[in-house]
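Report on the following structure.
Letters A, B, ... are given to chains in the order of the sequence lines, protein chains preceding strands, and every chain is numbered from 1. A quick note: this is a predicted structure, and the numbers were derived from the prediction, not measured.
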2 protein chains.
Amino acid sequence: MSDVARLAGVSKMTVSRVMAGRSASEATRGRVQRAIEELGYVADAAAGALSSGRSSFVAVLVPSLSSSNFSDTVGGLTAVLEPQGLELLIGDTDYLPEREERLVRQMLRHQPRCIALTGSQHTDATRALLQRSGVPVVEMWDLPTEPIDMAVGFSNVSASREMVRYLAHKGYQRIGFLGGASELDRRGLDRFKGYQAEMKALGLERHRVVRLGESPVTMSHGGPAMAELLERWPDTQAVMCVSDMSAFGAIMECQRRGLNVPRDIAIAGFGNFEIAACCHPAITTVSVDAYGIGQRTGEAIVAALLAEDGEGTRHPAKTRIQYTVVPRESA
Amino acid sequence: MSDVARLAGVSKMTVSRVMAGRSASEATRGRVQRAIEELGYVADAAAGALSSGRSSFVAVLVPSLSSSNFSDTVGGLTAVLEPQGLELLIGDTDYLPEREERLVRQMLRHQPRCIALTGSQHTDATRALLQRSGVPVVEMWDLPTEPIDMAVGFSNVSASREMVRYLAHKGYQRIGFLGGASELDRRGLDRFKGYQAEMKALGLERHRVVRLGESPVTMSHGGPAMAELLERWPDTQAVMCVSDMSAFGAIMECQRRGLNVPRDIAIAGFGNFEIAACCHPAITTVSVDAYGIGQRTGEAIVAALLAEDGEGTRHPAKTRIQYTVVPRESA
DNA sequence: TTGAAAGCGGTACCAG
DNA sequence: CTGGTACCGCTTTCAA
């Protein structure tokens, strides 16, 4: 920066002001810009953050980047935060709370303006860390009874119950469930709990359950799980899956066995992933706006940041995201 | 840090040393650790980077985070770089060179130790920026004739040609191609070029081509494209797709029309995504180790970083990644 | 509108 | 093994 200042014949401060787009005469501005170009000067963000006491980072922690669910949410966040000059520091927890804790600690070192987490399951240390940091926190994809700070999501239990009701209305009674495997995937577990709760409420049997392998649930899990379910309870009329991925795997397994979906057996998914609409038969699913969760989270973050400067007001602690059952061909 | 030092009854320097895991007596170390715990002290990364002149960032730019291809590559990078204490600064270019340029400039502000880009197509300004920065650069997913610095990838042209040869050997002659749409997706374009080159070499017609919409190519593109191809050239025997995603969409379209794949028409994909193995019929494809590209890139980065300190030696400028045609059911 | 000085929170370097 | 000092590159603050 000193070099730029010297070349432009001004002080460092003037260069700093020009770069920040603050008051400066046209002439000076021009000379400074030219000097910057000429030297290929790129300001050091670390120095700026240190000096001003505020970084331009927003930390985002997702369980898995390779799940389109979460990468869509990251996309929504990017769309809202980038125009504000904020940069995302993205971390992948791999569904492990300990890893989340490590990552939170690591991100906190960069003094992020805000930190967005996925879900409501965190270690005590993580909570303590966040509390102490004083940084705004948003929990995404869930609506905890007591958010750390803010939350943007929906009740996976309720959404799952709604799908069960849909299936029951369609006349299916012997309904099975595929998924809810890992204790680490709270959202998957909640969908399982929703299945159980609604089946009980409807007075239907709720033992036709095959739990899956590790999260993230992928399509590869669906096939074997479906095979097991068909073997153990051949009279099953419909199967609800913890995600569209496993639903797809299940449908493919049925096709391999010559079963017609939905005539021989109905299958429903969750999430409304692209594959649900494309695949044949198209998958009946619960639509959740993953990108929208990112956007709304971004908006809540921007509002919280502005509120820090006394401009505008924070969003409410909980932002509820809509979901809908989307009837398609598979159930 | 001063607070920690005061509480532990030592100097700031000693605290700094303890945190860096350098020489310190057991007693001192203990007291410092306790003070850190008690105060919930989290060191400021920006200050550390500024002072030491080196950050712990590695910048990574991918065209799209929601493509499993690239998120797998990011996973491979993470696996190798995280244990080295390096952190990823991830950016999504959306296949736009101008966006890549903006992101490169932005990442450079954080003084990354290294920067990994996808592909070999960059604006002149990007190249200049990188050159001047003096930061090691790795281009992934391609093997440019003249890499900016290092490259880890393979020839999409050659891989594509190999798939055409496979199809021809299987006896197919009237082979079509789906994809290679966007000028921005160099890799897709290269696969298209490979198709043309090999069809020509084999003396086969190469006009049965339907170009797709925007990148990233998704499964939704495959259906309509397949429909168009079937309409225009009903005598087509096999179709090669620019990616497994479009191949899947194409297969679903065939099923909707009551066509049997591969009996009525054969379909091949590219990339060996999870869906290719799961779907029915399973998709014949070109397998590329996306995660491995990330790993190898990570290793090249670590080697380059060590070489900077005079420890060990850099990897060669080009690292070739293997690919193989995987025969499955669809072709 | 511009400039000078101080200092953000760490680490390098050298001395003890 | 430990401490003091300078300084990294920028922004804040205050004065001109």
Side-chain angles (χ1 to χ4, degrees), chain A residues 1-33 35-36 39-57 85 87 105-113 132-135 309, chain B residues 1-33 35-36 39-57 85 87 105-106 108-113 132-135 308-309:
Chain A
M1 187 178 251
S2 301
D3 297 346
V4 174
R6 196 174 316 120
L7 184 59
V10 297
S11 73
K12 268 172 40 180
M13 259 330 293
T14 303
V15 176
S16 174
R17 288 199 189 95
V18 169
M19 298 205 72
R22 282 209 278 279
S23 56
S25 74
E26 268 316 310
T28 324
R29 177 178 305 269
R31 273 182 304 142
V32 172
Q33 293 287 17
I36 289 173
L39 297 175
Y41 169 68
V42 177
D44 181 327
L50 180 58
S51 178
S52 68
R54 61 171 39 179
S55 77
S56 57
F57 285 127
E87 302 172 73
R105 195 183 306 273
Q106 195 177 99
M107 310 231 128
L108 246 21
R109 289 176 35 101
H110 294 288
Q111 317 273 129
R113 301 289 303 278
R132 286 186 117 128
S133 72
V135 168
D309 297 344
Chain B
M1 185 178 252
S2 302
D3 298 345
V4 174
R6 198 173 316 120
L7 183 60
V10 296
S11 74
K12 267 172 44 177
M13 263 325 296
T14 302
V15 176
S16 174
R17 288 200 189 92
V18 169
M19 297 205 73
R22 284 210 276 279
S23 56
S25 74
E26 268 316 312
T28 324
R29 177 177 306 269
R31 272 182 305 142
V32 172
Q33 293 287 18
I36 289 174
L39 296 175
Y41 170 67
V42 177
D44 182 327
L50 179 59
S51 176
S52 68
R54 60 171 41 180
S55 78
S56 57
F57 285 126
E87 302 172 72
R105 194 184 306 272
Q106 192 176 102
L108 246 21
R109 291 175 33 102
H110 295 287
Q111 316 274 127
R113 302 289 302 279
R132 288 185 116 129
S133 73
V135 168
E308 282 180 354
D309 297 343

Parallel, tilted or perpendicular: which one describes the rings of B:F57 and A:F57, with boundaries at 30° and 60°?
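Geometry flag for A:F57 against B:F57: tilted rings.
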From [atom1] of [X] over to [atom2] of [N], roughly how many Å is that when rounded to an integer?
X: B:L50; N: C:dT11; atom1: CG; atom2: P; answer: 11 Å
X: B:E26; N: D:dC1; atom1: CD; atom2: P; answer: 10 Å
X: B:H110; N: D:dG9; atom1: NE2; atom2: P; answer: 17 Å
X: B:R109; N: D:dG9; atom1: CZ; atom2: P; answer: 15 Å
X: B:D44; N: C:dC8; atom1: CG; atom2: P; answer: 12 Å
X: A:R17; N: C:dA4; atom1: CZ; atom2: P; answer: 11 Å
X: A:D3; N: D:dC8; atom1: CG; atom2: C1'; answer: 14 Å
X: A:L108; N: C:dG10; atom1: CG; atom2: P; answer: 13 Å

State the NZ-CG distance between B:K12 and B:D3, to the nearest 0.5 angstrom.
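It is 11.0 Å, given to the nearest 0.5 Å.
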When rounded to the nearest 0.5 angstrom, what is the spacing between CE in A:M1 and CE in A:M19?
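Here the interatomic distance stands at 6.5 Å.
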Which nucleotide in the set [options] lies at the smallest distance from any side-chain heavy atom of [X]?
X: B:T28; options: D:dT11, D:dT2, C:dG10; answer: D:dT2
X: B:M13; options: C:dG9, C:dT1, C:dA12; answer: C:dA12
X: A:K12; options: C:dA12, D:dT11, C:dG9; answer: D:dT11

Is [X] close enough to [N] that one of its side-chain N or O atoms is under 4.0 Å from OP1 or OP2 there?
X: A:T14; N: C:dG3; value: yes
X: B:Y41; N: C:dG10; value: yes
X: B:R22; N: C:dA12; value: yes

Applying the side-chain contact (heavy atoms from CB on, under 4.5 Å) test to A:V15, which of A:L7, A:T28, A:V4 qualifies?
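Output: one option passes, namely A:V4.
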Look at the side chain of A:S51 against the base of C:dG7 and say whether a donor-acceptor pair falls under 3.5 Å; ignore hydrogens and angles.
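Between C:dG7 and A:S51, which were checked side chain against base, a qualifying N/O pair under 3.5 Å is present.
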Within the 4.0 Å heavy-atom criterion, would you say A:A43 contacts the bases, only the backbone, or no part of the nucleic acid?
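Here A:A43 touches the backbone only, sparing every base.
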Classify the nucleic acid contact of A:G48 as base, sugar-phosphate or nothing, counting any heavy atom under 4.0 Å across all strands shown.
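Contact class for A:G48: sugar-phosphate only.
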5'-most contact on DNA chain D: B:S11 or A:A49, nearest heavy atom basis?
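It is B:S11 whose nearest nucleotide is closer to the 5' end.
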Distance-only polar pair, side chains of A:E87 and A:S56, donor-acceptor under 3.5 Å
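The criterion, which ignores hydrogens and geometry beyond distance, is satisfied for A:S56 and A:E87.
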